Amino acid sequence: MLDLNVFPSTFKWGTATAAYQIEGAAHEDGRGISIWDVFAYTPGNVKRGDSGDVACDHYHRYPEDLKLMRELGMNSYRLSLAWPRILPRGRGEVNLKGLDFYDRLIDEVLKNGIDPFVTLYHWDLPQALQQLGGWANRDTVSAFEEYTSVVVGLLGDRVKNWITHNEPWCAAFLGHGAGVHAPGLKDVGVSMQVAHHLLLSHGKAVQIIKNHNPEHKVGITLILGPSHAASDSPEDQAAAARHDAFLNTIYLDPLYGKGYPKVLFDHIPDLAPTVQDGDMETIATPTDFLGVNYYQRSILKHSEEGPFNFEGVRPPGPEFTFFDWEVYPQGLHEVLTRVHQDYAPKEIFITENGATFEDTLTEDGQVHDEQRRFYIERHLKAVQDAIQEGVPVQGYFAWSFLDNFEWAEGYEKRFGLVYVDYPTQNRYVKDSGKWYSQTVKKALGLVEV
Ligand code: FCB
(Lines give C-alpha, C1' and ligand atoms only; values in the text may rest on other atoms or scores of the structure.)
Protein backbone atom coordinates (compact mmCIF):
# COMPACT_ATOMS: atom_id res chain seq x y z
CA MET A 1 0.00 0.00 0.00
CA LEU A 2 1.15 3.48 -0.83
CA ASP A 3 1.83 5.46 2.36
CA LEU A 4 2.31 9.09 1.41
CA ASN A 5 3.66 9.92 4.86
CA VAL A 6 6.86 8.15 3.89
CA PHE A 7 7.66 10.75 1.20
CA PRO A 8 9.59 13.78 2.51
CA SER A 9 7.57 16.98 2.88
CA THR A 10 9.98 18.65 0.44
CA PHE A 11 9.30 15.98 -2.20
CA LYS A 12 8.97 17.22 -5.79
CA TRP A 13 5.84 15.86 -7.45
CA GLY A 14 5.58 16.44 -11.14
CA THR A 15 5.65 15.29 -14.70
CA ALA A 16 8.30 15.49 -17.40
CA THR A 17 8.38 16.51 -21.05
CA ALA A 18 10.98 17.32 -23.72
CA ALA A 19 11.08 20.23 -26.16
CA TYR A 20 11.04 18.36 -29.47
CA GLN A 21 8.33 16.01 -28.25
CA ILE A 22 5.78 18.70 -27.36
CA GLU A 23 6.64 22.17 -28.66
CA GLY A 24 5.92 21.98 -32.38
CA ALA A 25 6.48 25.37 -34.11
CA ALA A 26 9.53 23.76 -35.66
CA HIS A 27 9.98 26.51 -38.20
CA GLU A 28 8.83 29.51 -36.24
CA ASP A 29 10.55 32.52 -34.73
CA GLY A 30 13.99 31.69 -36.05
CA ARG A 31 14.41 28.19 -34.62
CA GLY A 32 17.27 26.38 -36.34
CA ILE A 33 17.01 22.85 -37.71
CA SER A 34 17.85 20.02 -35.32
CA ILE A 35 19.09 16.51 -35.98
CA TRP A 36 15.62 15.25 -35.08
CA ASP A 37 14.00 17.34 -37.84
CA VAL A 38 16.40 15.86 -40.37
CA PHE A 39 16.00 12.34 -39.00
CA ALA A 40 12.20 12.54 -38.93
CA TYR A 41 11.98 13.97 -42.45
CA THR A 42 14.01 11.06 -43.80
CA PRO A 43 11.54 8.40 -45.00
CA GLY A 44 11.59 5.16 -43.06
CA ASN A 45 13.03 6.56 -39.83
CA VAL A 46 9.83 7.38 -37.93
CA LYS A 47 6.59 5.41 -38.04
CA ARG A 48 3.98 6.83 -40.42
CA GLY A 49 6.42 9.61 -41.36
CA ASP A 50 5.54 11.55 -38.21
CA SER A 51 7.68 14.47 -37.06
CA GLY A 52 7.73 17.03 -34.26
CA ASP A 53 6.63 19.85 -36.60
CA VAL A 54 3.38 20.44 -34.72
CA ALA A 55 3.53 17.92 -31.85
CA CYS A 56 1.31 19.21 -28.99
CA ASP A 57 1.62 22.80 -30.21
CA HIS A 58 2.86 23.60 -26.71
CA TYR A 59 4.82 26.52 -28.16
CA HIS A 60 1.49 28.34 -28.54
CA ARG A 61 -0.58 26.57 -25.90
CA TYR A 62 1.83 26.68 -22.96
CA PRO A 63 -0.31 29.04 -20.82
CA GLU A 64 -3.28 26.62 -20.90
CA ASP A 65 -0.98 23.64 -20.41
CA LEU A 66 0.60 25.14 -17.32
CA LYS A 67 -2.76 26.15 -15.94
CA LEU A 68 -3.85 22.52 -16.27
CA MET A 69 -0.65 21.38 -14.59
CA ARG A 70 -1.41 23.65 -11.66
CA GLU A 71 -4.99 22.42 -11.46
CA LEU A 72 -3.61 18.89 -11.25
CA GLY A 73 -1.65 19.97 -8.16
CA MET A 74 1.91 19.48 -9.43
CA ASN A 75 4.58 21.38 -7.49
CA SER A 76 7.35 20.86 -10.05
CA TYR A 77 7.88 20.29 -13.76
CA ARG A 78 10.77 18.84 -15.72
CA LEU A 79 11.09 20.41 -19.17
CA SER A 80 13.85 20.70 -21.74
CA LEU A 81 15.08 23.57 -23.88
CA ALA A 82 15.59 23.33 -27.63
CA TRP A 83 19.20 24.31 -28.29
CA PRO A 84 18.42 25.29 -31.93
CA ARG A 85 15.76 27.75 -30.79
CA ILE A 86 18.37 29.58 -28.75
CA LEU A 87 21.45 29.17 -30.97
CA PRO A 88 20.09 28.24 -34.41
CA ARG A 89 23.53 27.26 -35.69
CA GLY A 90 24.64 25.70 -32.41
CA ARG A 91 26.95 28.54 -31.44
CA GLY A 92 27.49 32.18 -32.34
CA GLU A 93 24.37 34.12 -33.20
CA VAL A 94 21.70 34.07 -30.46
CA ASN A 95 18.05 33.99 -31.52
CA LEU A 96 16.29 36.53 -29.36
CA LYS A 97 12.83 35.20 -30.18
CA GLY A 98 13.87 31.76 -28.98
CA LEU A 99 15.22 33.21 -25.77
CA ASP A 100 12.05 35.20 -25.35
CA PHE A 101 9.95 32.04 -25.60
CA TYR A 102 11.83 30.36 -22.76
CA ASP A 103 11.77 33.56 -20.76
CA ARG A 104 7.97 33.62 -20.98
CA LEU A 105 7.66 29.87 -20.45
CA ILE A 106 9.68 29.90 -17.23
CA ASP A 107 7.73 32.91 -15.97
CA GLU A 108 4.52 31.04 -16.66
CA VAL A 109 5.76 27.95 -14.83
CA LEU A 110 6.66 30.06 -11.80
CA LYS A 111 3.44 32.05 -11.97
CA ASN A 112 1.59 28.76 -11.49
CA GLY A 113 3.56 28.00 -8.34
CA ILE A 114 5.55 25.25 -10.06
CA ASP A 115 9.27 24.66 -9.60
CA PRO A 116 11.05 24.12 -12.94
CA PHE A 117 13.72 21.46 -13.49
CA VAL A 118 15.37 22.37 -16.77
CA THR A 119 17.14 19.83 -18.97
CA LEU A 120 19.67 21.44 -21.29
CA TYR A 121 19.94 18.61 -23.77
CA HIS A 122 17.14 16.21 -24.61
CA TRP A 123 18.57 15.07 -27.96
CA ASP A 124 17.81 17.96 -30.34
CA LEU A 125 21.32 18.93 -31.43
CA PRO A 126 21.45 21.80 -33.94
CA GLN A 127 21.96 20.26 -37.38
CA ALA A 128 24.69 22.83 -38.12
CA LEU A 129 26.81 21.12 -35.46
CA GLN A 130 25.99 17.68 -36.85
CA GLN A 131 27.39 18.83 -40.17
CA LEU A 132 30.69 19.33 -38.37
CA GLY A 133 30.54 15.82 -36.90
CA GLY A 134 28.06 16.37 -34.07
CA TRP A 135 28.84 14.74 -30.74
CA ALA A 136 31.55 12.63 -32.36
CA ASN A 137 33.51 15.87 -32.75
CA ARG A 138 35.11 17.12 -29.54
CA ASP A 139 34.39 20.73 -30.59
CA THR A 140 30.71 20.11 -29.84
CA VAL A 141 31.67 20.04 -26.16
CA SER A 142 32.73 23.67 -26.35
CA ALA A 143 29.59 24.56 -28.30
CA PHE A 144 27.59 23.01 -25.44
CA GLU A 145 29.53 25.18 -22.99
CA GLU A 146 28.60 28.26 -24.99
CA TYR A 147 24.95 27.21 -25.08
CA THR A 148 24.96 26.50 -21.33
CA SER A 149 26.41 29.94 -20.59
CA VAL A 150 23.76 31.67 -22.71
CA VAL A 151 20.95 29.73 -21.03
CA VAL A 152 22.21 30.24 -17.50
CA GLY A 153 22.67 33.95 -18.24
CA LEU A 154 19.03 34.21 -19.30
CA LEU A 155 17.23 31.88 -16.91
CA GLY A 156 19.68 31.52 -14.05
CA ASP A 157 17.90 34.18 -12.01
CA ARG A 158 14.75 32.02 -11.86
CA VAL A 159 15.69 28.39 -12.61
CA LYS A 160 17.48 26.75 -9.70
CA ASN A 161 17.48 23.07 -10.73
CA TRP A 162 19.38 21.97 -13.82
CA ILE A 163 19.82 18.68 -15.63
CA THR A 164 22.68 18.73 -18.11
CA HIS A 165 21.80 15.71 -20.27
CA ASN A 166 18.93 13.34 -20.70
CA GLU A 167 19.90 9.68 -21.09
CA PRO A 168 23.31 9.86 -22.76
CA TRP A 169 22.96 6.11 -23.42
CA CYS A 170 20.11 6.80 -25.85
CA ALA A 171 21.79 9.79 -27.48
CA ALA A 172 25.07 7.89 -27.88
CA PHE A 173 24.03 4.33 -28.59
CA LEU A 174 20.55 4.57 -30.12
CA GLY A 175 21.68 7.59 -32.16
CA HIS A 176 25.16 6.48 -33.26
CA GLY A 177 25.41 2.71 -32.65
CA ALA A 178 21.99 1.22 -33.42
CA GLY A 179 21.00 4.11 -35.71
CA VAL A 180 17.36 4.11 -34.60
CA HIS A 181 17.46 7.64 -33.23
CA ALA A 182 18.94 10.83 -34.73
CA PRO A 183 21.45 11.22 -36.26
CA GLY A 184 20.96 7.60 -37.36
CA LEU A 185 24.57 6.41 -37.45
CA LYS A 186 25.50 2.75 -37.05
CA ASP A 187 29.01 2.68 -35.67
CA VAL A 188 29.52 1.35 -32.16
CA GLY A 189 33.00 2.88 -31.87
CA VAL A 190 31.61 6.31 -32.71
CA SER A 191 28.85 5.81 -30.14
CA MET A 192 31.50 5.24 -27.44
CA GLN A 193 33.30 8.44 -28.41
CA VAL A 194 29.98 10.27 -28.35
CA ALA A 195 29.28 8.90 -24.86
CA HIS A 196 32.60 10.30 -23.72
CA HIS A 197 31.93 13.73 -25.23
CA LEU A 198 28.46 13.86 -23.72
CA LEU A 199 29.92 13.09 -20.29
CA LEU A 200 32.68 15.63 -20.77
CA SER A 201 30.21 18.32 -21.77
CA HIS A 202 28.16 17.43 -18.71
CA GLY A 203 31.15 18.07 -16.43
CA LYS A 204 31.87 21.39 -18.14
CA ALA A 205 28.23 22.46 -17.83
CA VAL A 206 28.17 21.59 -14.12
CA GLN A 207 31.14 23.89 -13.63
CA ILE A 208 29.49 26.72 -15.58
CA ILE A 209 26.27 26.45 -13.59
CA LYS A 210 28.07 26.24 -10.26
CA ASN A 211 30.24 29.24 -11.17
CA HIS A 212 27.11 31.15 -11.97
CA ASN A 213 25.56 30.30 -8.61
CA PRO A 214 26.91 27.67 -6.24
CA GLU A 215 23.46 27.42 -4.62
CA HIS A 216 21.92 26.05 -7.80
CA LYS A 217 21.38 22.30 -7.95
CA VAL A 218 22.69 20.43 -10.94
CA GLY A 219 22.69 16.80 -11.99
CA ILE A 220 22.43 14.49 -14.99
CA THR A 221 19.66 12.11 -15.95
CA LEU A 222 20.55 8.51 -16.81
CA ILE A 223 18.35 5.73 -18.05
CA LEU A 224 19.08 2.85 -15.69
CA GLY A 225 17.79 -0.68 -15.36
CA PRO A 226 18.86 -3.99 -13.88
CA SER A 227 20.71 -6.35 -16.23
CA HIS A 228 19.78 -9.86 -15.16
CA ALA A 229 21.37 -13.04 -16.50
CA ALA A 230 19.09 -15.51 -18.28
CA SER A 231 20.71 -18.42 -16.42
CA ASP A 232 23.35 -19.32 -13.85
CA SER A 233 25.84 -20.25 -16.55
CA PRO A 234 29.12 -18.30 -16.33
CA GLU A 235 28.65 -17.21 -19.97
CA ASP A 236 25.24 -15.70 -19.30
CA GLN A 237 26.42 -14.11 -16.07
CA ALA A 238 29.31 -12.51 -17.93
CA ALA A 239 26.96 -11.34 -20.69
CA ALA A 240 24.74 -9.66 -18.08
CA ALA A 241 27.76 -8.00 -16.47
CA ARG A 242 28.84 -6.59 -19.84
CA HIS A 243 25.33 -5.32 -20.50
CA ASP A 244 25.27 -3.64 -17.09
CA ALA A 245 28.50 -1.85 -18.04
CA PHE A 246 27.18 -0.96 -21.50
CA LEU A 247 23.94 0.56 -20.15
CA ASN A 248 24.60 1.63 -16.56
CA THR A 249 28.16 1.78 -15.28
CA ILE A 250 29.69 3.27 -18.45
CA TYR A 251 27.98 6.45 -17.20
CA LEU A 252 27.76 5.93 -13.46
CA ASP A 253 31.39 4.93 -12.91
CA PRO A 254 33.06 7.94 -14.56
CA LEU A 255 30.50 10.37 -13.11
CA TYR A 256 31.45 9.19 -9.63
CA GLY A 257 35.20 9.16 -10.24
CA LYS A 258 35.68 5.46 -10.94
CA GLY A 259 36.76 5.66 -14.59
CA TYR A 260 35.28 3.56 -17.39
CA PRO A 261 34.24 0.00 -16.51
CA LYS A 262 36.97 -2.53 -17.28
CA VAL A 263 34.47 -5.33 -17.77
CA LEU A 264 33.28 -3.55 -20.91
CA PHE A 265 36.47 -2.12 -22.35
CA ASP A 266 38.58 -5.22 -21.68
CA HIS A 267 36.07 -6.90 -23.97
CA ILE A 268 36.05 -4.21 -26.67
CA PRO A 269 39.44 -2.47 -26.29
CA ASP A 270 39.42 -1.27 -29.89
CA LEU A 271 36.16 0.59 -29.34
CA ALA A 272 37.25 2.49 -26.25
CA PRO A 273 36.94 6.28 -26.59
CA THR A 274 39.89 8.62 -26.93
CA VAL A 275 40.31 10.34 -23.58
CA GLN A 276 42.49 13.41 -23.02
CA ASP A 277 44.30 14.40 -19.84
CA GLY A 278 41.91 15.91 -17.35
CA ASP A 279 38.75 14.58 -18.99
CA MET A 280 37.96 12.04 -16.29
CA GLU A 281 38.36 14.69 -13.57
CA THR A 282 36.01 17.03 -15.45
CA ILE A 283 33.43 14.26 -15.86
CA ALA A 284 33.60 13.54 -12.13
CA THR A 285 32.88 17.16 -11.15
CA PRO A 286 30.61 16.77 -8.09
CA THR A 287 26.88 17.09 -8.71
CA ASP A 288 23.97 17.71 -6.37
CA PHE A 289 21.72 14.91 -7.54
CA LEU A 290 21.30 12.04 -9.93
CA GLY A 291 18.26 11.88 -12.20
CA VAL A 292 17.04 8.33 -12.75
CA ASN A 293 14.79 7.36 -15.64
CA TYR A 294 13.40 3.90 -15.18
CA TYR A 295 11.28 1.87 -17.57
CA GLN A 296 12.31 -1.77 -17.55
CA ARG A 297 14.94 -4.41 -16.79
CA SER A 298 16.92 -6.46 -19.30
CA ILE A 299 17.55 -10.20 -19.33
CA LEU A 300 20.69 -11.27 -21.13
CA LYS A 301 22.24 -14.44 -22.47
CA HIS A 302 25.58 -15.01 -24.12
CA SER A 303 25.66 -14.54 -27.86
CA GLU A 304 28.33 -15.29 -30.44
CA GLU A 305 27.48 -12.00 -32.15
CA GLY A 306 29.85 -9.14 -31.42
CA PRO A 307 30.95 -6.71 -30.33
CA PHE A 308 29.26 -7.06 -26.95
CA ASN A 309 28.40 -10.77 -27.12
CA PHE A 310 25.11 -10.46 -25.30
CA GLU A 311 21.59 -10.88 -26.51
CA GLY A 312 18.36 -9.77 -24.87
CA VAL A 313 15.84 -12.43 -23.89
CA ARG A 314 12.15 -11.67 -23.52
CA PRO A 315 11.39 -11.43 -19.78
CA PRO A 316 8.88 -13.90 -18.35
CA GLY A 317 6.13 -11.29 -17.98
CA PRO A 318 3.21 -11.50 -17.14
CA GLU A 319 2.55 -7.86 -18.03
CA PHE A 320 3.93 -5.80 -20.90
CA THR A 321 3.23 -2.27 -22.13
CA PHE A 322 2.30 -1.33 -25.71
CA PHE A 323 6.06 -0.91 -26.31
CA ASP A 324 6.42 -4.55 -25.27
CA TRP A 325 8.40 -3.42 -22.22
CA GLU A 326 7.93 -5.68 -19.20
CA VAL A 327 6.18 -4.07 -16.22
CA TYR A 328 8.71 -4.68 -13.45
CA PRO A 329 8.42 -2.19 -10.58
CA GLN A 330 10.86 -4.06 -8.34
CA GLY A 331 13.54 -3.12 -10.90
CA LEU A 332 13.16 0.52 -9.85
CA HIS A 333 13.75 -0.46 -6.24
CA GLU A 334 16.78 -2.49 -7.31
CA VAL A 335 18.22 0.43 -9.30
CA LEU A 336 17.69 2.90 -6.46
CA THR A 337 19.26 0.76 -3.75
CA ARG A 338 22.17 -0.14 -6.01
CA VAL A 339 22.91 3.46 -6.97
CA HIS A 340 22.67 4.52 -3.33
CA GLN A 341 25.02 1.78 -2.20
CA ASP A 342 27.61 2.03 -4.98
CA TYR A 343 27.65 5.78 -5.73
CA ALA A 344 25.79 7.54 -2.89
CA PRO A 345 24.47 10.59 -4.79
CA LYS A 346 23.38 13.29 -2.35
CA GLU A 347 19.88 13.23 -3.76
CA ILE A 348 18.03 11.19 -6.37
CA PHE A 349 15.12 12.31 -8.50
CA ILE A 350 13.07 9.92 -10.57
CA THR A 351 13.14 12.15 -13.62
CA GLU A 352 11.05 9.79 -15.78
CA ASN A 353 8.89 6.74 -15.24
CA GLY A 354 5.75 5.81 -17.12
CA ALA A 355 4.13 3.54 -19.64
CA THR A 356 2.41 3.45 -23.00
CA PHE A 357 -0.85 1.58 -23.39
CA GLU A 358 -3.45 1.67 -26.14
CA ASP A 359 -5.69 4.50 -24.96
CA THR A 360 -9.15 5.21 -26.28
CA LEU A 361 -10.95 8.46 -25.88
CA THR A 362 -14.63 7.85 -25.11
CA GLU A 363 -17.35 10.05 -26.55
CA ASP A 364 -17.67 11.86 -23.26
CA GLY A 365 -13.97 12.71 -23.19
CA GLN A 366 -12.69 10.02 -20.82
CA VAL A 367 -9.66 7.75 -21.04
CA HIS A 368 -9.98 4.73 -18.77
CA ASP A 369 -6.33 3.76 -18.51
CA GLU A 370 -6.42 1.56 -15.45
CA GLN A 371 -3.16 -0.16 -16.43
CA ARG A 372 -1.22 3.10 -16.47
CA ARG A 373 -2.67 4.14 -13.12
CA PHE A 374 -1.68 0.79 -11.62
CA TYR A 375 1.77 1.04 -13.25
CA ILE A 376 2.47 4.40 -11.60
CA GLU A 377 1.08 3.30 -8.25
CA ARG A 378 3.33 0.24 -8.13
CA HIS A 379 6.41 2.21 -9.16
CA LEU A 380 5.69 4.82 -6.51
CA LYS A 381 5.47 1.98 -4.01
CA ALA A 382 8.96 0.87 -5.14
CA VAL A 383 10.18 4.42 -4.52
CA GLN A 384 8.51 4.42 -1.11
CA ASP A 385 10.25 1.15 -0.17
CA ALA A 386 13.61 2.62 -1.21
CA ILE A 387 12.99 5.77 0.83
CA GLN A 388 12.16 3.63 3.85
CA GLU A 389 15.49 1.88 3.39
CA GLY A 390 17.31 5.20 3.50
CA VAL A 391 17.67 6.04 -0.22
CA PRO A 392 17.46 9.85 -0.56
CA VAL A 393 14.81 10.08 -3.29
CA GLN A 394 13.55 13.66 -3.39
CA GLY A 395 11.17 13.71 -6.33
CA TYR A 396 9.17 11.80 -8.93
CA PHE A 397 8.36 13.06 -12.43
CA ALA A 398 5.90 10.90 -14.33
CA TRP A 399 6.61 10.50 -18.03
CA SER A 400 4.76 12.28 -19.42
CA PHE A 401 2.48 15.25 -18.83
CA LEU A 402 1.00 15.07 -22.34
CA ASP A 403 0.91 12.40 -25.02
CA ASN A 404 3.63 13.46 -27.42
CA PHE A 405 6.01 12.65 -30.28
CA GLU A 406 7.56 9.40 -29.12
CA TRP A 407 10.72 9.58 -31.26
CA ALA A 408 10.98 6.76 -33.81
CA GLU A 409 7.49 5.57 -32.79
CA GLY A 410 5.88 8.87 -33.77
CA TYR A 411 2.49 9.65 -32.23
CA GLU A 412 1.31 6.06 -32.01
CA LYS A 413 2.76 5.46 -28.56
CA ARG A 414 1.01 7.55 -25.92
CA PHE A 415 2.67 8.06 -22.52
CA GLY A 416 0.69 11.05 -21.25
CA LEU A 417 -1.31 11.47 -18.09
CA VAL A 418 -3.22 13.86 -20.32
CA TYR A 419 -4.58 12.64 -23.65
CA VAL A 420 -3.92 14.84 -26.67
CA ASP A 421 -6.45 14.65 -29.48
CA TYR A 422 -4.02 15.71 -32.20
CA PRO A 423 -6.54 16.88 -34.85
CA THR A 424 -8.16 19.34 -32.43
CA GLN A 425 -5.26 19.68 -29.96
CA ASN A 426 -7.79 19.28 -27.16
CA ARG A 427 -6.47 17.90 -23.88
CA TYR A 428 -8.34 15.31 -21.76
CA VAL A 429 -7.06 14.23 -18.36
CA LYS A 430 -6.85 10.43 -18.33
CA ASP A 431 -7.98 8.39 -15.32
CA SER A 432 -4.29 7.87 -14.49
CA GLY A 433 -3.81 11.65 -14.48
CA LYS A 434 -6.81 12.11 -12.17
CA TRP A 435 -5.45 9.46 -9.82
CA TYR A 436 -1.93 10.94 -9.86
CA SER A 437 -3.36 14.39 -9.27
CA GLN A 438 -5.31 13.19 -6.22
CA THR A 439 -2.23 11.38 -4.91
CA VAL A 440 -0.08 14.49 -5.27
CA LYS A 441 -2.72 16.69 -3.68
CA LYS A 442 -2.97 14.30 -0.74
CA ALA A 443 0.80 14.20 -0.39
CA LEU A 444 0.98 17.99 -0.40
CA GLY A 445 -1.91 18.36 2.00
CA LEU A 446 -4.09 20.08 -0.61
CA VAL A 447 -6.97 17.64 -0.06
CA GLU A 448 -8.09 15.49 2.86
CA VAL A 449 -6.50 12.04 2.97
C1 FCB B 1 12.88 8.04 -22.58
C2 FCB B 1 13.04 9.43 -23.15
C3 FCB B 1 11.74 10.19 -23.23
C4 FCB B 1 10.60 9.30 -23.69
C5 FCB B 1 10.54 8.05 -22.85
C6 FCB B 1 9.40 7.12 -23.20
O7 FCB B 1 13.92 7.25 -23.01
O8 FCB B 1 13.92 10.19 -22.36
O9 FCB B 1 11.95 11.29 -24.09
O10 FCB B 1 10.70 9.06 -25.03
O11 FCB B 1 11.74 7.36 -22.97
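None of the values given here were measured: they were computed from a predicted structure. One-based numbering, in listed order, for ligands and for the atoms of each.
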- Against heavy atoms of Trp407, which atoms of ligand 1 measure under 4.0 Å? 3 (C), 4 (C), 9 (O), 10 (O)
- Query: By number and element, which atoms of ligand 1 are closer than 4.0 Å to a non-hydrogen atom of Phe415?
  - Reply: 6 (C)
- Could an N or O of ligand 1 be found under 3.5 Å from any N or O of Trp123, whether backbone or side chain?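 The answer is no, given that Trp123 and ligand 1 share no N or O pair closer than 3.5 Å.
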- Query: Could an N or O of ligand 1 be found under 3.5 Å from any N or O of Trp325, whether backbone or side chain?
  - Reply: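 N/O-N/O distance below 3.5 Å does not exist for this pair.
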Cation-pi check, [X] to [Y]: give yes when NZ or CZ is under 6.0 Å from the six-membered ring centre and within 45° of the ring axis, no otherwise.
{"X": "Arg414", "Y": "Phe357", "value": "no"}
{"X": "Arg314", "Y": "Phe320", "value": "yes"}
{"X": "Lys217", "Y": "Phe289", "value": "no"}
{"X": "Lys258", "Y": "Tyr343", "value": "yes"}
{"X": "Arg297", "Y": "Tyr328", "value": "yes"}
{"X": "Arg104", "Y": "Tyr62", "value": "no"}

- Are any of the heavy atoms in Lys413 under 4.0 Å away from ligand 1? no
- Query: Phe323 near ligand 1, heavy-atom distance under 4.0 Å?
  - Reply: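 Under 4.0 Å: no for Phe323.
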- Task: Can you figure out which of Thr221, Ile223, Thr356, Asn166 has its heavy atom closest to atom 8 (O) of ligand 1?
- Result: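 It is Asn166 whose heavy atom sits nearest to atom 8 (O) of ligand 1.
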- Nearest non-hydrogen atom to atom 7 (O) of ligand 1 belongs to which of Glu167, Glu409, His122, Gln21?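 Comparing heavy atoms across Glu167, Glu409, His122, Gln21, the nearest one to atom 7 (O) of ligand 1 lies in Glu167.
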Who's the nearest protein heavy-atom neighbour of [atom], and how far?
{"atom": "atom 5 (C) of ligand 1", "result": "Tyr295 OH, 3.3 Å"}
{"atom": "atom 1 (C) of ligand 1", "result": "Glu352 OE1, 3.1 Å"}
{"atom": "atom 10 (O) of ligand 1", "result": "Glu406 OE1, 2.7 Å"}

- For this output row, return yes or no: ring centroids of His165 and Trp123 closer than 6.0 angstrom. no
- Salt-bridge present (Glu377, Arg373; N to O < 4.0 Å): yes
